[in-house]
Structure formats: C-alpha cells, structure tokens
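Everything on this sheet refers to the single structure shown next.
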Amino acid sequence: MRVLVCHRLDEQVMQAIEEFPGIEVTVWQQAGPMPRQAFLEQLARAEVALTMLTEQVDEEALSHAPHLRLVANVAVGFDNFDLPALTRHGVMATNTPGVLTEATADIAFGLMLVAVRGMWAASQAMRRGEWRGWSPTAFLGRDLAGLRLGIIGYGRIGEAVARRALAVGMLVAAVKPRHRAVEPLPGVEWWERERLVRESDVISLHVPATAETYHLCDDAFFAQMKPGAWLINTARGSVVDTAALLRALDSGRLAGAGLDVFEEEPLPADHPLFHYPQVVMTPHIGSATVETRRRMAARAWDNVVDFLSGRPPRDLLNPSVWQGQPDSL
Ligand code: DGY
C-alpha cells in the first residue's frame with residue numbers, strides 16, 4: 001500500500017505513519033505547498049494520500065490516479081476536493097472535524113477584539129512615532145460588551161465564538177442552521193439572516209465554501225449591514241467578494257474587518273487590503289497551534305488507519321463509496 005503525505009506533519013504523527021507496518025510512505029519534504037506537477041506525479045502511484053487544503057483533488061488529479069482509494073484532508077474544510085468527482089472515481093474522502101474548533105474560535109475572537117478596539121491601527125501609529133502621549137480622545141475603539149455579534153454559520157466553530165462573545169458581555173444572535181437540529185447556547189438568539197445582517201455590530205462568518213456561500217458578502221450584503229459595523233472572516237476567502245469589501249471600506253459603511261482567509265492565498269504583498277489600517281489580517285492561521293495541528297494530523301491519520309484496518313474511516317465524507325454505491329452528490 002503506497003501512502004503519499006503531501007507535507008511533513010507533526011513529528012509524533014510522522015513517526016506513527018513511518019512506523020506503520022506494511023506500507024510504503026512518500027513524504028513531500030520541501031517547505032511550502034506541493035507544486036501541482038509533483039502532486040500529480042506522486043498521486044499517480046498512491047493508494048492513499050494525506051492532503052493539505054493547498055492540494056486540489058479534482059477531475060484532472062483523479063484521472064492521473066488510477067490506484068487511489070482514499071484522500072485524507074488535514075483540514076476540516078474540504079473545498080479543495082471535488083467530492084462528486086471523488087465519488088464517481090470510487091475514492092473515499094475524509095476531513096478532520098472537531099479538533100480545531102477552539103483554536104479557530106480564538107482567532108475569530110482575537111480578530112474581532114483587535115479590530116473593534118482599533119489595536120492594529122494604534123500599534124502601527126505608535127511604530128510611526130505618532131503617539132503624542134495619553135489623550136482622552138485618541139485611539140478610541142468600542143466596548144465589546146454590549147455590542148451585538150451576528151454569527152452566520154452556527155456549527156462547532158460558530159458556537160465556540162458565541163461562547164467567547166457571551167463571556168465578555170456581547171449580545172449574540174445567529175442564523176439557525178437549516179440542515180441540522182441544533183439548540184442555541186443559552187443567551188444566543190436565532191435571528192433571520194436579514195435581521196442579523198441589518199442589526200449586528202459585528203458579523204462573524206463560519207460557513208463552508210460551497211456554491212451557495214460563494215460571495216455571500218457582496219455589495220448587496222454590505223449595503224444591508226448596519227453602518228459602522230465590522231466583518232470577521234475565518235471561514236473561507238470565497239465567502240467574501242473582496243472588491244465589494246473594499247468598496248464598503250471606502251464608503252465608510254464598514255468600520256473595519258478581521259480577515260484570516262482570502263480569495264487569493266497567499267495574499268500578494270501589493271494587495272489593496274494592505275492599505276487599510278482598520279483591516280486586521282492574519283495568514284490563514286485559524287488552526288495554527290502546535291496542539292491543534294498535532295490533533296489534525298493525528299485525526300487525518302486515524303482515518304487512514306481505519307481504512308488500512310478494514311473499517312470505514314470515521315470522518316468519511318462520501319459514505320456511498322465505502323458501501324460500494326456511487327451516490328448522487
Ligand atoms: C481548515 O481545517 O479547514 C482550516 O482552514 C485549516 O486551518
């Protein structure tokens with residue numbers, strides 16, 4: 001059984017992978033994402049691949065991979081997978097749910113705090129020598145306590161952000177999930193999306209990247225938002241129309257934003273977003289802690305071990321492949 005690991009992972013997990021009996025492991029050792037050509041060449045030999053969200057597993061990749069049986073994404077998001085194509089090709093796909101919830105919620109909450117208190121702009125001004133001494137009117141942000149947070153995407157991460165917001169005295173509303181029965185945390189109110197967009201002081205996005213959520217935040221969305229509100233995005237870049245976001249910042253409709261994900265990653269150094277001090281940005285680090293990345297690698301590997309042991313992988317995204325039935329995704 002040939003196993004491809006597309007990026008060197010946490011060393012404890014690597015040791016478990018490299019010592020697993022009866023498999024031949026190929027690890028991409030270079031820093032940075034695997035170049036497409038190298039990925040296609042390696043995938044052509046592999047039966048199992050541990051992929052990062054930077055590897056696109058699409059029709060082209062699958063047509064190069066006649067032996068492939070399982071792709072285990074080291075991420076909870078799987079928009080780098082063409083799931084219907086994987087299912088058509090009879091290849092199982094897995095992700096890593098539940099292990100990066102708290103780390104990602106921390107980054108969402110952190111971006112919100114830094115944006116709403118204007119900490120990034122104040123810190124930059126200080127570095128430029130513009131701090132003239134304590135002033136009752138300079139560098140004013142807003143109190144988080146009492147502001148209304150609106151959550152779009154009330155899954156595990158959305159709920160963990162709500163928990164943090166409630167703890168500091170924010171009012172919290174969320175759009176009720178349509179496809180799952182879920183109770184809101186005490187203190188969280190279900191609001192229709194339109195009301196939530198109109199009345200929230202801060203909107204935090206926690207939806208997956210799908211055709212339905214593509215450019216969910218467009219000109220019309222920003223025009224509906226409460227003037228002077230903030231937008232936080234730790235979900236996926238494609239959920240926000242960047243050009244519309246820039247227009248909303250220029251018009252002053254948006255007070256600021258906190259962004260961890262971008263339509264174009266890595267964000268080019270000359271991107272216009274860098275000109276807005278009220279926009280706080282981090283380079284897609286929602287899950288980037290030692291503990292969380294270890295759990296993600298371990299969870300992806302658990303899925304592979306399930307498969308190697310003849311069990312259905314625990315986080316199987318296309319169960320019909322295991323059942324031997326092409327499904328109708
Ligand atoms: C995920 O798991 O989808 C995250 O974006 C990776 O940090």
Side-chain angles (χ1 to χ4, degrees), residues 5-10 13 28 31-34 39 49-58 70-83 86 92-112 151-161 164 177 180 204-217 231-240 242 257-267 280-304 313-318:
V5 184
C6 296
H7 197 292
R8 198 158 182 89
L9 302 167
D10 172 86
V13 180
W28 182 254
M34 207 170 170
F39 176 58
L50 281 107
T51 50
M52 313 304 121
L53 50 81
T54 40
E55 276 82 51
Q56 297 299 321
V57 185
D58 50 17
L70 168 68
V71 279
N73 224 24
V74 187
V76 66
F78 51 91
D79 46 303
N80 57 316
F81 287 174
D82 180 340
L83 201 54
L86 279 154
M92 283 177 272
T94 64
N95 66 340
T96 62
V99 295
L100 47 91
T101 306
E102 302 302 328
T104 308
D106 283 345
I107 287 289
F109 186 81
L111 287 171
M112 175 167 68
I151 295 180
I152 301 182
Y154 196 80
R156 295 182 193 86
I157 299 172
E159 187 188 75
V161 173
R164 285 158 176 74
R180 284 177 308 121
S204 192
L205 303 171
H206 301 285
V207 287
T210 62
E212 204 189 337
T213 62
Y214 179 75
H215 283 189
L216 179 126
C217 302
L231 180 76
I232 309 299
N233 188 11
T234 54
R236 281 293 184 267
S238 62
V239 180
V240 176
T242 311
L259 308 174
D260 184 51
V261 289
F262 303 89
E263 284 196 271
E264 194 180 353
E265 293 187 7
L267 193 68
V280 186
M281 297 189 285
T282 46
H284 203 150
I285 57 168
S287 64
T289 68
V290 174
E291 300 84 350
T292 295
R293 288 288 162 82
R294 176 169 301 152
R295 280 195 296 269
M296 290 165 71
R299 183 71 176 221
W301 177 239
D302 284 345
N303 275 289
V304 175
R314 61 197 68 187
D315 302 311
L316 192 52
L317 297 165
N318 50 356

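One-based numbering, in listed order, for ligands and for the atoms of each.
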Next on the checklist: Given 3.5 Å as the limit, does a donor-acceptor pair link the side chain of Glu159 with the main chain of Arg156, or not?
Outcome noted: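 No: the side chain of Glu159 does not pair with the backbone of Arg156.
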Item to check | Expected output: side-chain Asn233 to main-chain Leu259 donor-acceptor under 3.5 Å | outcome: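 Here the side-chain-to-backbone pair does not exist.
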Checklist entry - Under a 4.0 Å N-O cut-off, is there an ion pair linking Arg295 with Asp10? => result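 Salt bridge: no.
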Checklist entry - Where's the contact between Leu53 and ligand 1, heavy-atom distance under 4.0 Å: side chain, backbone, both or neither? => result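 Under 4.0 Å from ligand 1, Leu53 contributes side-chain atoms alone.
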Checklist entry - Counting only heavy atoms, which portion of Leu100 has something under 4.0 Å from ligand 1: side chain, backbone, both, or neither? => result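 Answer for Leu100: side chain.
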Item to check | Taking atom 1 (C) of ligand 1 as the reference point, the nearest protein heavy atom with its distance | outcome: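 Here the nearest protein heavy atom works out to Val76 N, 3.5 Å.
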Item to check | CG-OG1 distance between Leu50 and Thr96, expressed to the nearest 0.5 angstrom | outcome: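 Leu50 atom CG to Thr96 atom OG1 measures 11.0 Å (nearest 0.5 Å).
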Checklist entry - What's the spacing between Asn95 CG and Asp315 CG if we round to 0.5 Å? => result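 CG of Asp315 is found 5.5 Å from CG of Asn95.
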Show me which atoms of ligand 1 lie under 4.0 Å from any heavy atom of [X].
X: Arg236; value: 1 (C), 3 (O), 4 (C), 5 (O)
X: Ser287; value: 6 (C), 7 (O)
X: Gly77; value: 1 (C), 2 (O), 3 (O)

